[in-house]
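We count ligands from 1, going down the list as the structure has it; atoms in each ligand are counted the same way.
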Amino acid sequence: MKLQEYQAKELLEKFRVPVPAGSVATNGGEAREIAERLGGRVVVKAQVLMGGRGKAGGVKVFDDAEQASVFAADLIGKRLVSVQNPQGMVVEKVLVSERIEIEKEFYSAILLDRAAQRDTIMVSAKGGMDIEEVAASEPEAIVRLAVDSKWGLCDYEIRAALVAAKINPRAHRQMVPMIHALYSAYKESDATLLEINPCALTKDGKVVAADAKVIIDDNALFRHPDYAALGSESAEDPIEAEAVARGIAYVRLDGEIGVIGNGAGLVMLTLDEIAKTGKKAANFLDVGGGAQADRVRSCVELIFMDPRVKGLLINIFGGITRGDEVAKGVVEALQDLKVQVPVVVRVEGTNAEEARSILATANLTPAKTVQEAAEKIASLVGS
Ligand code: GDP
Ligand code: MN
């Protein structure tokens, strides 16, 4: 899960990494208030999860709050397109932060090097918006330091890396503790990437994280309910965002048949059977093992948030999951949502009989096999 820059900076502040003061705004008025509070000299930054934001026009410095708010108001709602992200992303929020006077831009990052099986610190004196080109044309300008998991990160190693990277010696005294702090933030938040670019040396000799990118390991989100709650902001599709918030695996596809199954394998099989009929699935939704009625209901709700859905196919194989629980959830959801489109259900396995009698009370089409279910929903949707 990627954090927005302002979220990443909030995380860094907790670990005492110096970051410029600032707040997030969702409209011009809010941007103006923040800019005034910061004394007018600010930088306005689009909060979008894409690379090349500065070059795409999403970052601009200002001398007064009025101009900053005009720019912010114009930026919010706009789609930013960059080389790294040609389809672009719509700006919903901007970060308004204290404008710093930058003398030098360094690069620093921490990532998990899977091949080396080590966390790796990277530093370069050639930070800024062209770091990708630096990495391609002069990789030696980026110095790597693998962290020994037994001994941890030592001051002398950091200093040696800063020297090797030819980072301005004026910055070393501040960068050593900063890199320790970054590494603590990285480890404590279960990040797989933490990147500060630029790590700025200001004209008055301070080192601050002027931009921050953090990716948290999705498999560790259960340890970080606060980030998991933010998670919806990191999705690009609003239904996906809602699914993330509900902890449900949902993938948007481009067809018209909603699909709910338990287990990724069963869902994929269902998609294949739908494809054989010539129709296409609208999504991939896995309720997971052991699903209870309320979770199933939550899945059905998600499916019908998508107006493209012309029919629903539910395919459950009860193992740990009890068929009757699934059936209860389905029936409740269909009643509450007053679903008008055809729904085909196939339930096998644990408590399948009970499930069928519950489903018989609702206006559904039962099916025995996956193939039969796919054919039924295809013809109901087609007609
Ligand atoms: P990115 O393009 O998404 O990486 O956005 P950044 O936050 O890194 O900003 C892009 C560039 O804008 C930086 O490399 C800086 O040169 C410049 N910039 C960002 N914040 C400030 C600031 O507070 N003051 C000044 N003078 N320049 C800034
Ligand atoms: Mn940057």
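- Among all protein heavy atoms, the one lying closest to atom 18 (N) of ligand 1 is Ile102 CD1, 4.2 Å.
- The line from CG of Leu334 to CG of Leu364 is 5.5 Å long, rounded to the nearest 0.5 Å.
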Show your working on side chain to side chain contact (heavy atoms under 4.5 Å, CB included) between Val267 and Val259 and close with a plain yes or no. CA-CA 7 Å; Val267 177; Val259 177; 4.2 Å; yes

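- Closest protein heavy atom to atom 20 (N) of ligand 1: Val43 CG2, 3.8 Å.
- Closest to atom 8 (O) of ligand 1 by heavy atom, among Asp211, Val59, Val42, is Asp211.
- Around the Mn ion (ligand 2), the protein atoms of type N, O or S that sit closer than 2.8 Å are Asn197 O, Asp211 OD2.
- A heavy-atom distance below 4.5 Å is not found between the side chains of Arg346 and Lys376.
- Heavy-atom contacts of Gly54 reach the following atoms of ligand 1: 1 (P), 2 (O), 3 (O) (cutoff under 4.0 Å).
- Heavy-atom proximity to Pro198, at under 4.0 Å, picks out these atoms of ligand 1: 8 (O), 13 (C), 14 (O).
- Every atom of ligand 1 is numbered from 1 in the order shown, and the set under 4.0 Å from a heavy atom of Val61 is 24 (N), 25 (C), 27 (N).
- Between the side chains of Glu30 and Thr26, at least one donor-acceptor pair of N or O atoms lies under 3.5 Å.
- Ranking the protein heavy atoms by distance from atom 3 (O) of ligand 1 puts Arg53 NE, 2.8 Å first.
- The side-chain hydrogen bond (donor to acceptor under 3.5 Å, both in side chains) pairs that include a residue from residues 357-371 number zero, where partners must be two or more places apart or lie in different chains.
- Protein heavy atom nearest atom 24 (N) of ligand 1, with residue, atom name and distance: Ile100 O, 2.7 Å.
- The shortest N or O to N or O distance between Lys45 and ligand 1 is under 3.5 Å.
- Of all protein heavy atoms, the one closest to atom 17 (C) of ligand 1 is Glu105 OE2, 4.4 Å.
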